[in-house]
Protein chains: 2
Amino acid sequence: MSKRTEKTIVDIAEELKLSVSTVSRALNNHPNISTRTKEKVKKMANKLGYRPNAMAAGLRNSKSRTVGLVVPRISMFFPATISTVIQNKLHEHGYHVLICQSNDSLEQEIALAETLYSTRIDALAVSSTLYTTDFSHFDIFKDNNIPLVFFDRVPKDYKVKVIKGDDYLGGYTVTEHLIEKGCKDIVHISGPLTCNLYTERVAGYKNALRKHKIPFRKSRVFYQELTKENALLACEKIFSRPPYPDGIFAANDTTAITILEYCRKINLRVPEDLKIVGYSNDPRAEIITPSITSVDQFPAIMGERVANVLLDLLQQPGTTPQRYSEELVPIQLIERGSSAAPVSKPKTTVKKKVK
Amino acid sequence: MSKRTEKTIVDIAEELKLSVSTVSRALNNHPNISTRTKEKVKKMANKLGYRPNAMAAGLRNSKSRTVGLVVPRISMFFPATISTVIQNKLHEHGYHVLICQSNDSLEQEIALAETLYSTRIDALAVSSTLYTTDFSHFDIFKDNNIPLVFFDRVPKDYKVKVIKGDDYLGGYTVTEHLIEKGCKDIVHISGPLTCNLYTERVAGYKNALRKHKIPFRKSRVFYQELTKENALLACEKIFSRPPYPDGIFAANDTTAITILEYCRKINLRVPEDLKIVGYSNDPRAEIITPSITSVDQFPAIMGERVANVLLDLLQQPGTTPQRYSEELVPIQLIERGSSAAPVSKPKTTVKKKVK
DNA sequence: CCGAAAATTGCAAACGTTTGCATAAAATAC
DNA sequence: GTATTTTATGCAAACGTTTGCAATTTTCGG
């Protein structure tokens, strides 16, 4: 009746007149145990409703079979998709995933690192805050040889495994695409430069301009957190007075969508008067009218790779020093209506393979 | 240089010539410890880079300070938002959240229940699979007095805490809305009836029809997993030959969106020829042209409530028997273009028609 | 300054596993 | 039938905490 329901291997052992060690080994399929006793033990375990206590096991051999995952937020399309994939894959291999969100707050990220360490996670994957430039709160993991992997939002000068999108190429490709479609004055709305993925996109943007002999103008680049509100503010600035740009490269799709809606309001035709390209290929980009050209970052592939690296590292004996390495996940421009050439009637979705 | 970095309270105790118990108590701010030693201990803990071992503590007092969360998938808007809220809220109170996805597979859900129990989570919140009708795999939690809460996709005859949307009202409201906008032949695309949230929406649909003296026709209701592919199949059936319906109530927005796009292709005007209403108020519903009328289920509120109930139960002494209770989260119809009255006609609130 | 109450600190057991080593039993070799 | 290998099982320590109770120290009334 009361809370006496928690059966342990000791109970099994007593019931069967065996030692706990034998029971433990039997349940873990240790080769030294005869098949007969294994069967007996497992049957009894079932009968008693025994459930292993992961904490006890974890304490004993300092393995929690849990890996931590820190992302800015799980309700955003891109990290959500990655998290999904990582979680499913690791689950297949018997690992739990502790998905945590920093909410883009450095403070929360630091706290998370601390408490995740406390739970003795076996590995950690993180996509950092927009504002994380000092990564020393992850030192504990490195120092204790706990596999540590960064993805998407990765550090610049912190030696660690890294899996990221090809953001330089992305920035370059988008910009060149706009130029090829006839744009001469391209505004870029970027995230804050503390996040070096944006630095790279800006670099791509600049280089594409240079290659096509279009002067780079500082005033045509905005650095801001890529929210709807900020996008509106940017719009107001951009369209407060002519000359209006003829192309906008937004570093995410929320921003691109907001701009598109703003254009509707001020009767600016897209793509005729203004071409817009977003980033990340959010599901909304495909659905809006006109549909928005965006850059697919293949979150499923990225998640898959992160999971593979984690599993790899988890397999290795604990003492192997962490090696620094960087993996690049390809990107692909998905051409849609918002950047179509005005002359030709565009098909709804044209995919152009890059790289 | 090797893995000698894991400091424990024993190390602190030795360093300070204190007993481990004192150190433990000092770190936990036990009232019996003098402030002087508390300070000493904490300082030393810092100096040594001590991090508590949650597994050891957990083992000792059978509390993991972790709660489990099982949802169909975290990449869908609705569960993602709820998960976000729950996770953030519980984190504030020092709990970890183990977010797991069943991928709408009963088999996976059962496995998850098992392994989550193994980790000795302190509580569990679940939104079940579409196909879960037998919930006995959650019995372990009830039997061991581990707080168990269901939300959104909840069981019908399984006594447990439940927090759900007002799906009956939702179905009724949508249907009545369509009727008021002039629809006489309303198709309903529902999820499978194994999930009783759909049963309730169907009930709302039926009752609204009845109230407005519109005959219910079995052939006008589809029961299917609400994917894009299935939505297309339904479209093909619906529009294979006249008479076409003049209203469609889709039980999620993915379906509504797919229908809308299908209509574009076959040159059916929305809302003039056909009115469409979705469910859940996915961000995409607002963005598409025409924007889609949908039902907001206030996922943030639902998440908040789930978190509150969990925290409540976690506070209580373990022996309190689980009480059955059901909380209803309100819904709100968000009227948009896809069900607007046609502009040609003056604004009319159709009250009574023939008969 | 004594003794009792109050405030601190320490001892040791417990939580449920795993695992190196020792031992016992069975199988094999001679 | 004994000696040796192989195969199964058991003992006991460990993992890092927490906590009831006992022991010690401090405080303080008189």
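For clarity, every value in this text was computed on a predicted model and none was experimentally measured. First the proteins, then the strands, lettered A, B, ... as listed; each starts at 1.
- The stretch residues 32-43 of chain A comes close to DNA chain D through A/N32, A/I33, A/S34, A/T37, each having a heavy atom under 4.0 Å from the strand.
- For D/dT19, the OP1/OP2 oxygens have no side-chain nitrogen or oxygen of B/S21 closer than 4.0 Å.
- Heavy atoms of B/T8 sit under 4.0 angstrom from primed sugar atoms or phosphate atoms, though from no base atom.
- Rounded to whole Å, the distance from CG on A/L27 to C1' on C/dG16 is 12 Å.
- One atom, NE2 of B/H30, and another, C1' of D/dT17, lie 14 Å apart when rounded to the nearest Å.
- B/K17 has its NZ atom 19 Å from the C1' atom of D/dT24, to the nearest Å.
- Atoms CZ (B/R120) and P (D/dT17) sit 21 Å apart, rounded to a whole Å.
- Of the candidates C/dG16, D/dT17, D/dT9, the closest approach to any side-chain atom of A/T22 belongs to D/dT9.
- Closest-nucleotide positions on DNA chain D for A/V23 and B/A57 were compared, and the one nearer the 5' end corresponds to A/V23.
- Residues B/K42 and B/N29 have side chains that bring a donor and an acceptor to within less than 3.5 angstrom of each other.
- Under the 30°/60° scheme for interplanar angles, the aromatic rings of A/F138 and A/F141 are found to be tilted.
- There is no side-chain donor-acceptor pair under 3.5 Å between A/E114 and A/H137.
- A cation-pi arrangement is not found for B/K159 relative to B/F135, the charged atom failing to lie both closer than 6.0 Å to the ring centre and inside a 45° cone about the ring normal.
- For the pair B/E14 CD and D/dT17 P, the interatomic distance rounds to 13 Å; values are reported in whole Å.
- Side-chain contact of A/S118 with A/T115: a donor-acceptor pair under 3.5 Å is absent, judged by distance alone.
- Residue A/L18 has its side chain nearest to D/dT9 when only C/dT17, C/dT9, D/dT9 are considered.
- Counting distance only, with no hydrogens placed and no angle test, the side-chain atoms of B/S19 and the base atoms of C/dC11 include no donor-acceptor pair under 3.5 Å.
- B/L59 has its CG atom 17 Å from the P atom of D/dA14, to the nearest Å.
- Remark: P of C/dC15 and CG of A/D11 are 11 Å apart, rounded to the nearest angstrom.
- For A/E107, the CD atom counts as loosely surrounded, since its 6.0 Å shell holds 12 or fewer non-hydrogen atoms of other residues, nucleotides or ligands.
- Distance from the side chain of A/R25 is smallest to D/dG10 among D/dG10, C/dT17, D/dT19.
- Neither side chain, B/S102 nor B/Q108, offers a donor N or O lying under 3.5 Å from an acceptor on the other.
- For the pair B/N61 CG and C/dA13 C1', the interatomic distance rounds to 15 Å; values are reported in whole Å.
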